[in-house]
Amino acid sequence: MRVERLLPLVHEWTESQPQPQSGASSIDYLYEPSPEAILNDLLPKHIEFQLYRVLLESAAAEQGARMTAMEAATKNASEMISDLTLTYNRIRQAAITKEIIEIVSGAAAAQ
């Protein structure tokens with residue numbers, strides 16, 4: 001189980017982008033439409049896409065688990081078929097050997 005924070009949004013700083021210092025002057029940008037309107041439009045879409053991504057990852061994990069289970073079942077079935085084939089061949093060979101012994105014994109008794 002994994003927990004991910006959706007809100008509040010946090011910018012992940014990278015090596016190429018140094019964190020701004022608290023005393024550094026910042027540039028104020030002019031937004032069109034207003035930052036509130038942009039946030040009100042993008043925030044629901046962001047959450048919707050994050051939840052959709054989680055659902056897709058969950059479905060992919062389920063399919064992976066099913067594939068692994070089917071692979072294990074196929075392997076077990078193949079081993080069982082091999083074991084049953086070997087047992088069948090041993091029983092068949094024992095029956096053939098018994099018939100040969102009966103024929104040889106009958107021929108020896110007739111002499």
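- A salt bridge links R53 to E57: at least one charged side-chain nitrogen sits closer than 4.0 Å to a carboxylate oxygen.
- Applying the under-4.5 Å side-chain rule to Ile, Leu, Val, Met, Phe, Trp and Tyr, the cluster around M80 extends to L84.
- R90 CZ to T85 OG1: the interatomic distance, rounded to the nearest 0.5 Å, is 12.0 Å.
- Remark: the backbone N or O of V54 is not paired with any side-chain donor or acceptor of S58 at under 3.5 angstrom.
- Between the NE2 atom of H46 and the CG atom of L39 there is a distance of 10.5 Å, given to the nearest 0.5 Å.
- Note: F49 CZ to L42 CG = 10.5 Å, rounded to the nearest 0.5 Å.
- Atom CD of Q63 has more than 12 heavy atoms from other residues, nucleotides or ligands within 6.0 Å.
- Cluster membership check: L55 does not share its hydrophobic cluster with I47, using side-chain heavy-atom separations under 4.5 Å among Ile, Leu, Val, Met, Phe, Trp and Tyr.
- One distance of note links NZ of K98 with CD1 of I96; it measures 13.5 Å at 0.5 Å rounding.
- Nearest heavy atoms, N40 versus P44: O-CD, 3.1 Å.
- With rounding to the nearest 0.5 angstrom, the CG atom of D41 is 13.5 Å from the CD atom of E36.
- Using a 4.5 Å heavy-atom threshold, the side chains of N89 and Q93 count as separate.
- Once rounded to the nearest 0.5 Å, the distance linking CG of L86 with CD1 of I91 reads 10.0 Å.
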* Just do the salt bridge (charged side-chain N to carboxylate O under 4.0 Å, His left out) check on K75 and E71 with the steps written out, would you? => CA-CA 6 Å; K75 181 181 175 188; E71 185 177 333; over 6 Å; no
